Protein chains: 2
Amino acid sequence: MLLSILRGGKRRFRELSREAEISPRILSKELQELEMNGLVSRTVCDTKPVTVEYALTPYSETLSDVLNAMNKWGQQHRKRILKES
Amino acid sequence: MLLSILRGGKRRFRELSREAEISPRILSKELQELEMNGLVSRTVCDTKPVTVEYALTPYSETLSDVLNAMNKWGQQHRKRILKES
DNA sequence: CAGGATCCTACCGGATACTG
DNA sequence: CAGTATCCGGTAGGATCCTG
């Protein structure tokens with residue numbers, strides 16, 4: 001989810017929390033993991049109240065096939081589910 | 001994991017349990033879910049001690065792009081990890 | 001062999017409060 | 001705002017026993 005969202009561009013911590021509907025606590029963990037795996041970059045901006053931006057790394061592009069395939073399938077599968085009921 | 005294994009052909013309950021290293025309890029749940037989602041078929045064979053075969057359904061083929069992409073990435077990523085350390 | 005029923009524990013994630 | 005620390009209930013999953 002986070003990767004998919006970030007494919008739309010940089011996001012700040014709070015934005016990710018809202019968009020992904022993930023609590024700060026968990027989001028923090030997830031982002032640390034993604035960072036450790038070299039998939040996401042963390043940048044601290046020295047603004048009045050500090051803000052932090054997360055973005056995809058070049059390496060994360062190696063996942064594009066996976067992400068694209070998953071998104072595509074998700075859409076199709078959802079349609080199928082709706083038609084069933 | 002289960003889907004990837006089943007791509008190699010039908011498997012019996014016990015085989016899946018061993019290959020995927022999933023306990024019977026959980027495997028049972030997982031397979032029921034996969035069946036409910038129309039991704040896996042369950043066939044009871046009337047052998048001496050009953051055996052049950054699980055196989056991919058035609059619909060599961062819609063996931064091939066996803067599975068292929070994931071497997072491919074997994075291999076690449078693993079290599080990368082090894083080189084790092 | 002396939003797989004359900006139970007019991008029990010470890011961990012997961014939510015809610016809340018707090019700091020820089 | 002970003003993020004950590006704490007407390008705490010729900011649950012996923014292991015281990016074990018049992019049946020068809």
Side-chain angles (χ1 to χ4, degrees), chain A residues 1-60 63 66-67 70-71 73-74 77-78 81, chain B residues 1-60 63 66-67 70-71 73-74 77-78 81:
Chain A
M1 274 305 303
L2 294 177
L3 292 176
S4 282
I5 292 176
L6 286 175
R7 289 181 94 193
K10 298 172 180 291
R11 296 297 151 93
R12 292 185 324 194
F13 189 84
R14 207 63 190 345
E15 296 176 327
L16 282 173
S17 182
R18 267 194 291 265
E19 289 185 54
E21 292 182 23
I22 293 179
S23 70
R25 209 178 80 88
I26 302 307
L27 179 58
S28 176
K29 272 194 224 168
E30 298 295 325
L31 288 172
Q32 281 175 31
E33 257 184 77
L34 289 170
E35 208 188 335
M36 288 190 353
N37 285 306
L39 295 170
V40 163
S41 67
R42 195 188 104 111
T43 312
V44 180
C45 313
D46 56 338
T47 49
K48 317 59 177 338
V50 182
T51 58
V52 179
E53 286 186 344
Y54 290 90
L56 295 183
T57 62
Y59 181 60
S60 77
L63 271 174
V66 175
L67 263 20
M70 287 182 74
N71 284 329
W73 188 80
H77 191 59
R78 223 154 283 178
I81 298 299
Chain B
M1 274 306 304
L2 294 177
L3 291 176
S4 280
I5 293 176
L6 286 175
R7 289 181 96 194
K10 299 171 180 289
R11 295 297 150 94
R12 290 184 325 192
F13 188 85
R14 208 63 192 341
E15 296 176 327
L16 282 174
S17 183
R18 266 193 292 264
E19 289 185 52
E21 292 181 25
I22 293 179
S23 70
R25 208 178 82 87
I26 303 306
L27 178 58
S28 177
K29 273 194 224 169
E30 298 295 326
L31 288 172
Q32 280 173 33
E33 258 184 76
L34 289 170
E35 209 188 335
M36 288 189 354
N37 285 306
L39 295 170
V40 162
S41 66
R42 195 188 104 112
T43 313
V44 180
C45 312
D46 57 339
T47 48
K48 316 58 176 342
V50 181
T51 60
V52 180
E53 285 186 347
Y54 289 90
L56 295 183
T57 61
Y59 180 60
S60 76
L63 271 174
V66 175
L67 264 20
M70 288 180 74
N71 284 329
W73 188 81
H77 192 58
R78 221 154 286 178
I81 298 299

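Order of the sequence lines fixes the chain letters, A, B, ..., with proteins taken first and strands second; residue numbering starts at 1 for each chain. Excluded from the calculations below are hydrogen atoms, water molecules and symmetry mates; all remaining heavy atoms, backbone and side chain alike, are included. Since the model is a prediction, treat every value here as computed from it, not as a measurement.
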Item to check | Which residues share a side chain to side chain donor-acceptor pair (under 3.5 Å) with Arg12(A), sequence neighbours left out | outcome: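 None.
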Next on the checklist: Tell me every residue that passes side chain to side chain donor-acceptor pair (under 3.5 Å) with Thr43(B), counting only those two or more places apart in sequence or in another chain.
Outcome noted: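 Partners of Thr43(B) by the side chain to side chain donor-acceptor pair (under 3.5 Å) criterion come out as none, since no residue qualifies.
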Next on the checklist: Just verifying a value: how many Å separate Leu56(B) CG and Arg11(B) CZ, rounded to the nearest 0.5 Å?
Outcome noted: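 Interatomic distance, Leu56(B) CG to Arg11(B) CZ, rounded to 0.5 Å: 10.0 Å.
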Checklist entry - Within a strict 4.5 Å, meaning less than it, do heavy atoms of the Leu6(B) and Leu34(B) side chains meet? => result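 No, every pair of side-chain atoms sits at 4.5 Å or beyond.
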Got a list of side-chain donor-acceptor pairs under 3.5 Å for residues 45-52 of chain A, not counting sequence neighbours?
unit_1: Thr47(A); atom_1: OG1; unit_2: Pro49(A); atom_2: O; d: 2.8
unit_1: Thr47(A); atom_1: OG1; unit_2: Thr51(A); atom_2: N; d: 3.4
unit_1: Thr47(A); atom_1: OG1; unit_2: Thr51(A); atom_2: OG1; d: 3.3

Item to check | Rounded distance (Å) that lies between atom C1' of dA2(C) and atom CD of Glu53(B) | outcome: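 Rounding to the nearest Å, CD of Glu53(B) and C1' of dA2(C) are 13 Å apart.
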Checklist entry - Is the backbone of Ser23(A) close enough, under 3.5 Å, to the side chain of Ser17(A) for a donor and an acceptor to pair up by distance? => result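 No, Ser17(A) side chain to Ser23(A) backbone: no donor-acceptor pair under 3.5 Å.
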N/O-N/O pairs, protein side and nucleotides 18-20 of chain D side, under 3.5 Å:
none

Item to check | Minimum heavy-atom distance between Ala20(A) and Leu2(A), given as atom pair plus value | outcome: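 Minimum heavy-atom contact is CB-CD2, 3.8 Å.
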Item to check | Interface residues of residues 2-33 of chain B with DNA chain C (non-hydrogen, below 4.0 angstrom) | outcome: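 Heavy-atom contacts with DNA chain C come from Arg12(B), Phe13(B), Arg14(B), Arg25(B), Ser28(B), Gln32(B).
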Item to check | Pairs meeting criterion salt bridge (Lys or Arg N to Asp or Glu O under 4.0 Å) with involvement of residues 22-32 of chain B, two or more places apart | outcome: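 Qualifying pairs: none.
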